[in-house]
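Let me begin by presenting the structure, written as structure tokens, before commenting on it.
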There are 2 protein chains.
Amino acid sequence: MAILSTMMKRSSILLLLPAVLVSAQTFQRLGTCPTLGCVIPPDQTDFLAGQHFDIRLEVHAPVNGSEAFNEGVPDDAFTFCIEKVGSKKGCVDAAKFFGVKEPALEKWTFDYFEDLFAQDAGSASVVNVASKAFRGLSLREPGEYLAKLSYYGGMQTVAHWAVPKPVTKRTAKNVIFFIGDGMTQNMITAARLIGHKSINGRYQTLMQMDQMEVLGHQMTHSIDSFITDSANSASALMSGKKCSSGSLNVWGDSTPTPFDDPKMETIAELFKRKRGGPIGMVSTAQIADATPASLCAHTRDRGTYAANVFEYLHSPQDLNSTLAWPTGCGGVDVIFGGGAEQFVAGKGSWEGKDFYQEFAKAGYNVVQNKTQLEGLSGSKKALGIFTVSHLSKWLDRHVYTNNLSGQKNSPTGDGSDATDQPGLKDMTLKAIEILHAQAKKNNTGFFLMSEAASIDKMMHVLDYDRALGELLELDDTIRATIQYLKEIGEEDDTLIVVTADHGHGFDVFGGADTKYLAEQDTDRAKRRAVGIYEQSGLSGYQVVSGSLPNNNTVVFGDQGPNFPVTWNPRYAFAAGFGGTPDHREGYVVNSGGIRQPTAEEEDGFVANPNDQPNGFHASGTLPPSSGQGVHSLTDVSVFANGPGSDAFRGVYNNVDIFFKIANALGLAGGD
Amino acid sequence: MAILSTMMKRSSILLLLPAVLVSAQTFQRLGTCPTLGCVIPPDQTDFLAGQHFDIRLEVHAPVNGSEAFNEGVPDDAFTFCIEKVGSKKGCVDAAKFFGVKEPALEKWTFDYFEDLFAQDAGSASVVNVASKAFRGLSLREPGEYLAKLSYYGGMQTVAHWAVPKPVTKRTAKNVIFFIGDGMTQNMITAARLIGHKSINGRYQTLMQMDQMEVLGHQMTHSIDSFITDSANSASALMSGKKCSSGSLNVWGDSTPTPFDDPKMETIAELFKRKRGGPIGMVSTAQIADATPASLCAHTRDRGTYAANVFEYLHSPQDLNSTLAWPTGCGGVDVIFGGGAEQFVAGKGSWEGKDFYQEFAKAGYNVVQNKTQLEGLSGSKKALGIFTVSHLSKWLDRHVYTNNLSGQKNSPTGDGSDATDQPGLKDMTLKAIEILHAQAKKNNTGFFLMSEAASIDKMMHVLDYDRALGELLELDDTIRATIQYLKEIGEEDDTLIVVTADHGHGFDVFGGADTKYLAEQDTDRAKRRAVGIYEQSGLSGYQVVSGSLPNNNTVVFGDQGPNFPVTWNPRYAFAAGFGGTPDHREGYVVNSGGIRQPTAEEEDGFVANPNDQPNGFHASGTLPPSSGQGVHSLTDVSVFANGPGSDAFRGVYNNVDIFFKIANALGLAGGD
């Protein structure tokens with residue numbers, strides 16, 4: 001069993017390997033722990049010098065199943081030591097190495113299914129665990145470390161950790177980090193097609209992203225699965241650590257509670273702790289949602305919304321006083337988004353409290369609509385919550401405005417409609433104004449994260465028109481941000497990074513004559529309306545109704561340049577997804593509101609007969625339990641401008657983005 | 001009608017536009033010609049200083065349909081002049097401007113359908129044409145030009161042409177241009193997943209493409225449709241001009257013959273003419289296929305295979321002596337690929353001649369298998385044709401080798417099997433060896449295009465396993481090329497560019513338990529085998545059979561590093577396409593040969609019941625006339641190394657790549 005329980009060195013290569021056990025892959029006993037002894041942070045983890053983190057050790061004794069071992073009795077006499085590679089001290093007992101007390105032994109039991117057959121049969125595998133956890137540590141000296149867990153007599157798990165040489169020279173005063181949630185290059189290309197006019201194959205205007213100084217790609221996979229969720233991919237960007245699907249700034253352990261999993265310090269916490277500078281979060285989502293929460297929250301379950309918002313105002317340690325954690329966001333300086341559920345006193349808020357009041361008591365200006373937002377000054381911290389749930393979409397706020405009625409989404413929670421909502425550009429520019437004013441006090445610079453959340457949310461429901469509207473709004477926001485930074489004299493001091501957290505397998509593959517499609521009687525005849533190659537034609541979205549469709553003239557629609565002239569052309573683009581639920585498709589814009597592609601029946605989701613009623617039926621490839629589209633594997637693009645942006649060239653892992661931003665801000669080392 | 005017939009200046013923006021006519025977009029009267037007067041090269045064309053091109057002028061008189069005009073009588077008294085912007089001479093009659101004779105007037109008639117309704121009704125719109133053509137011209141002075149066609153009394157069409165300031169300083173001695181046909185970033189990401197081992201979210205090895213010095217993106221759309229074909233996208237890369245789907249280095253006019261359309265000079269012709277250096281083409285496709293043909297061929301119809309090969313050995317002028325064309329490839333120095341149909345004497349070859357003999361007579365070494373290829377010296381030009389049609393796929397040549405039998409694809413045309421085939425790496429390294437030897441004679445440097453053609457061909461038939469095998473072979477070829485250039489001392493003098501010509505809307509969205517899938521009875525139950533997010537698991541392709549699937553050990557399969565350890569894991573990736581025909585899906589490798597997803601029936605293509613027989617049925621989104629997947633819109637990645645590579649950073653149009661390569665070789669200006 002020695003080979004099974006020894007993790008490999010980073011550089012080790014074996015040409016063959018003894019066959020040991022066969023177990024399922026899609027159901028894992030515990031991600032990052034292929035052996036019976038788990039070291040968390042796991043093998044292959046890099047830390048910024050001085051970055052805080054927790055350690056969790058687990059020794060597993062499966063009671064039954066293919067991995068049953070030691071009659072289900074876990075070794076509670078395991079030992080754990082840390083060896084700095086090249087140090088003469090060898091492997092030093094961890095408590096001594098970090099200068100802390102030996103943690104108490106913990107024990108629990110969990111179960112899991114080995115595969116789908118086991119799940120169908122209800123045959124769970126039960127595992128008994130012996131464990132210890134260290135809290136709030138850090139590694140300050142650069143170099144490589146071996147973290148060795150010894151158990152069951154001769155078994156050992158070795159995790160290789162590394163601390164890159166710190167870059168302490170700060171090159172960027174401010175950082176603005178734009179996240180287009182779920183935004184792949186395919187969508188950026190499609191947005192360019194509908195938002196910009198091309199004449200004889202040459203675009204007359206370009207996306208702002210097209211014009212950024214630096215282009216890179218980042219890999220988005222999870223630590224223990226190749227498709228990521230928005231929570232752990234956002235955590236990778238913010239803390240430089242891969243973690244498991246659904247996690248926010250913690251590595252998943254096997255305990256039942258989501259709040260005691262081993263934590264990692266985020267870029268926002270580091271910037272607060274080391275620079276004392278103001279931080280901001282802007283999102284078109286519910287503000288407790290995964291991407292904004294990734295700045296501050298530490299939880300195994302992204303759905304702990306009330307606690308996420310608690311961490312925007314307080315620290316993780318205030319949430320659970322038994323878990324030492326020397327940092328925290330401790331009062332995010334600007335918070336703009338949706339999600340009144342966590343602010344109106346009630347079941348959605350932490351301990352049922354009125355969090356508008358909690359923030360006001362902490363010295364915040366609190367606003368609830370666009371008009372109030374515009375009136376905010378930079379003198380105080382600011383909280384702006386503009387809707388229940390996610391903000392309305394760009395397409396509904398600008399084109400199909402009737403859809404704003406009847407939503408009962410007022411941020412006051414009084415059941416009225418939130419008709420005076422800001423957009424991403426309004427929120428972002430105001431956030432910069434306030435952060436800039438706050439940062440002047442101690443010349444600290446600022447850190448802002450701004451998320452176009454509903455690119456992802458609309459792609460999930462196959463509403464690609466709304467998704468591309470959100471994407472064009474993001475692009476317009478970046479354009480306006482660069483202009484505003486110029487105006488306030490901060491452009492040369494500000495690193496702007498634009499990227500996504502993951503993809504959706506979306507692409508445009510042709511055009512569709514929507515008139516012809518709607519008038520055909522059968523599914524197969526309707527599909528004849530799709531034009532491929534030369535019959536895809538030119539973009540109908542830049543054609544003024546009634547004019548020649550291939551007229552070589554540049555015009556602006558009501559929304560100005562960089563947006564479509566029309567959203568419902570007869571000749572629409574035809575697009576699709578690699579993985580979908582059963583649905584209907586007619587390639588027409590959903591002018592009546594957000595698309596609802598599926599309906600739930602007894603055996604799962606089926607195509608919603610009321611969606612795209614003149615379209616054809618398209619059977620899906622996803623499990624019937626999925627009523628939406630899903631994330632995909634593809635690398636996503638990174639665009640950057642300003643000081644420190646050169647580091648974003650080329651192809652790298654999403655975790656590297658944290659280090660590049662931290663380096664630009666000179667956050668490594670020091671205290 | 002004045003506004004209708006005046007093309008806009010590049011920088012002109014109109015806020016509104018009079019409504020004129022409504023016509024179809026997916027069926028165009030003539031691409032690049034929205035008015036009744038057509039100037040080809042069309043508006044927005046850039047030329048390398050001194051690059052040769054033809055001009056075609058057409059005046060249209062539609063007889064019927066929505067654009068009917070002048071009772072179907074075209075104006076044959078049209079005039080055409082060229083104005084160099086800033087010149088005091090004003091607009092100079094074109095014959096005088098270029099110092100050539102006024103061309104003869106030509107007349108013809110063509111018809112087209114305005115939309116699908118017209119097509120269904122068989123109601124064609126007939127157009128009478130008056131036309132002239134100028135042949136073999138060039139613009140040498142940098143600057144902007146207005147090409148003005150005046151017709152029907154007061155109508156005018158103005159095309160804006162530009163000649164960028166020539167870069168005459170040569171930075172790269174050699175250029176190697178790799179094209180992964182149809183290769184999107186989504187596929188590169190998927191290939192990394194199956195070919196490289198990841199431990200806890202960190203890849204232990206990387207794709208060679210990931211490690212290139214420079215990353216860029218290029219837009220692939222056609223001149224007159226947003227989805228491109230491989231012919232015109234390859235022409236854009238090779239000649240710097242957008243053209244119409246199916247065209248090779250010509251702009252499409254409305255004449256019936258494919259050989260008289262206005263031509264553009266390619267990078268290969270320029271390199272031959274200006275540097276006298278050797279050029280090479282390598283492809284895993286039939287060598288007359290669109291991408292290799294884009295180096296030399298000039299045709300409106302990519303399917304003119306025999307003529308394409310004729311142009312590898314001769315010039316366009318030899319093909320049609322009435323069309324003056326002062327350049328041509330005139331003997332490509334190295335040609336390696338498939339496509340014996342154009343070489344064996346018979347109906348597939350030019351004038352029925354034995355083109356093996358034609359090349360041998362012209363001084364070529366001629367080879368027909370891998371063993372002979374390896375024996376080639378660099379003393380002479382070389383032709384290697386290794387199969388009828390396209391070469392066999394990497395997966396069949398290396399893993400499922402039984403599939404090489406019974407193909408009757410010997411390049412001799414004798415009906416035996418081509419069992420001794422080289423791969424892309426073998427052909428490319430040998431091509432470099434020969435070109436390097438040839439280039440030494442006059443210290444000219446060399447130009448090589450190497451195409452991994454079957455990434456595209458296998459994606460078309462939804463055989464993504466074979467496609468990714470081809471992609472990994474391309475990556476392995478790039479790796480070996482860099483190593484070989486180091487060995488021969490040419491690395492620092494060689495610009496390497498890697499890109500694709502277009503995309504396919506492919507992405508991985510999860511994992512699939514293929515065992516569970518095969519054992520379920522219904523389509524919906526089978527789809528339960530697909531694991532999304534955390535249940536996508538880790539890559540099964542890097543797991544040794546019988547070992548723990550999430551074992552943290554790096555092993556090599558039979559094919560060495562950078563390839564999968566197994567191609568048929570129980571836990572396979574689940575991938576899909578935005579647009580597909582009806583098909584079946586089971587996520588298992590097609591071990592018995594190339595996938596055949598569809599079968600043809602009376603009303604079009606349906607799912608082939610013998611493909612993925614244990615899978616589930618997935619209905620398509622493409623027209624029933626399409627038996628394959630199709631190209632997609634997305635921008636594709638560009639990777640570059642070496643002198644001149646910095647120019648490939650950022651986001652640009654595919655036509656810009658021609659200029660970047662031409663600049664590295666200093667091909668502008670001069671004679």
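Quick note: numbers below take in every heavy atom, side chains included, and nothing from hydrogens, waters or symmetry partners. Residue numbering restarts at 1 for every chain, and letters A, B, ... go by the order of the sequence lines.
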- Does some side-chain heavy atom of R524(B) sit less than 4.5 Å from a side-chain heavy atom of D603(A)? yes

inquiry  = Any heavy-atom pair between the side chains of N186(A) and N186(B) that's under 4.5 Å?
reply    = yes

**Study point:** Residue pair Y516(A) / D120(B), side-chain donor-acceptor N/O under 3.5 Å
**Key:** yes

Checking [X] against chain A: side chain, backbone, both or neither under 4.5 Å from a heavy atom?
{"X": "D635(B)", "value": "both"}
{"X": "S625(B)", "value": "neither"}
{"X": "F577(B)", "value": "backbone"}
{"X": "I188(B)", "value": "neither"}
{"X": "H504(B)", "value": "backbone"}
{"X": "S222(B)", "value": "backbone"}
{"X": "T184(B)", "value": "neither"}
{"X": "L622(B)", "value": "both"}
{"X": "F605(B)", "value": "backbone"}

Ion pair [X]/[Y], N-O distance below 4.0 Å:
{"X": "D582(A)", "Y": "R527(B)", "value": "yes"}
{"X": "K515(B)", "Y": "D115(A)", "value": "no"}
{"X": "R202(B)", "Y": "D43(A)", "value": "no"}

Least distance between heavy atoms, [X] atom then [Y] atom:
{"X": "P623(A)", "Y": "V530(B)", "value": "CG-O, 3.2 Å"}
{"X": "N653(A)", "Y": "G201(B)", "value": "ND2-O, 3.0 Å"}
{"X": "L116(B)", "Y": "A529(A)", "value": "CD1-CA, 3.7 Å"}

Short question: side chain of [X], backbone of [Y] - any donor-acceptor pair under 3.5 Å?
{"X": "S632(A)", "Y": "D507(B)", "value": "no"}
{"X": "S225(B)", "Y": "L538(A)", "value": "no"}
{"X": "T189(A)", "Y": "L633(B)", "value": "no"}
{"X": "D224(B)", "Y": "E534(A)", "value": "no"}

Based on non-hydrogen pairs under 4.5 Å, which of [options] is most in contact with chain B?
{"options": "K242(A), K526(A), R649(A)", "value": "R649(A)"}
{"options": "G505(A), G510(A), A575(A)", "value": "G510(A)"}
{"options": "H617(A), E519(A), E585(A), Q211(A)", "value": "E519(A)"}
{"options": "T621(A), D229(A), V214(A)", "value": "T621(A)"}
{"options": "G576(A), G604(A), P624(A)", "value": "P624(A)"}

Verify side chain to side chain contact (heavy atoms under 4.5 Å, CB included) between V651(B) and R192(A), making sure each step is shown before the conclusion. CA-CA 12 Å; V651(B) 182; R192(A) 189 194 302 126; 3.8 Å; yes

Please rank [options] by heavy-atom pairs under 4.5 Å with chain A and give me the top one.
{"options": "G579(B), S626(B), S244(B)", "result": "G579(B)"}
{"options": "S637(B), G620(B), A618(B)", "result": "G620(B)"}
{"options": "N654(B), T228(B), V630(B)", "result": "V630(B)"}

Note to self: Does Q119(B) form a side chain to side chain contact (heavy atoms under 4.5 Å, CB included) with R528(A)? I'd like the steps, not just the answer.
What the structure shows: CA-CA 12 Å; Q119(B) 188 182 49; R528(A) 288 193 58 231; 3.7 Å; yes

*Using the side chain to side chain contact (heavy atoms under 4.5 Å, CB included) rule, take Q44(B) and Q204(A) through it: C-alpha gap first, then chi angles, then the decisive distance, then the call.*
CA-CA 10 Å; Q44(B) 311 283 321; Q204(A) 304 297 298; 3.1 Å; yes

Can you measure from [atom1] ([X]) to [atom2] ([Y]) and round to the nearest 0.5 angstrom?
{"X": "D513(B)", "Y": "F27(A)", "atom1": "CG", "atom2": "CZ", "result": "8.5 Å"}
{"X": "T32(B)", "Y": "N200(A)", "atom1": "OG1", "atom2": "CG", "result": "5.5 Å"}
{"X": "Y652(B)", "Y": "L206(A)", "atom1": "OH", "atom2": "CG", "result": "14.0 Å"}
{"X": "D210(A)", "Y": "H217(B)", "atom1": "CG", "atom2": "NE2", "result": "10.0 Å"}

Between Y203(B) and H221(A), is the ring centroid distance below 6.0 Å? yes

query: Is the H631(A)-Y533(B) ring centre distance short of 6.0 angstrom?
result: yes

Next item on the list: Please test Q185(A) against Q185(B) for side chain to side chain contact (heavy atoms under 4.5 Å, CB included), starting from the C-alpha separation and ending with a verdict.
Entry: CA-CA 9 Å; Q185(A) 190 54 48; Q185(B) 189 55 46; over 6 Å; no

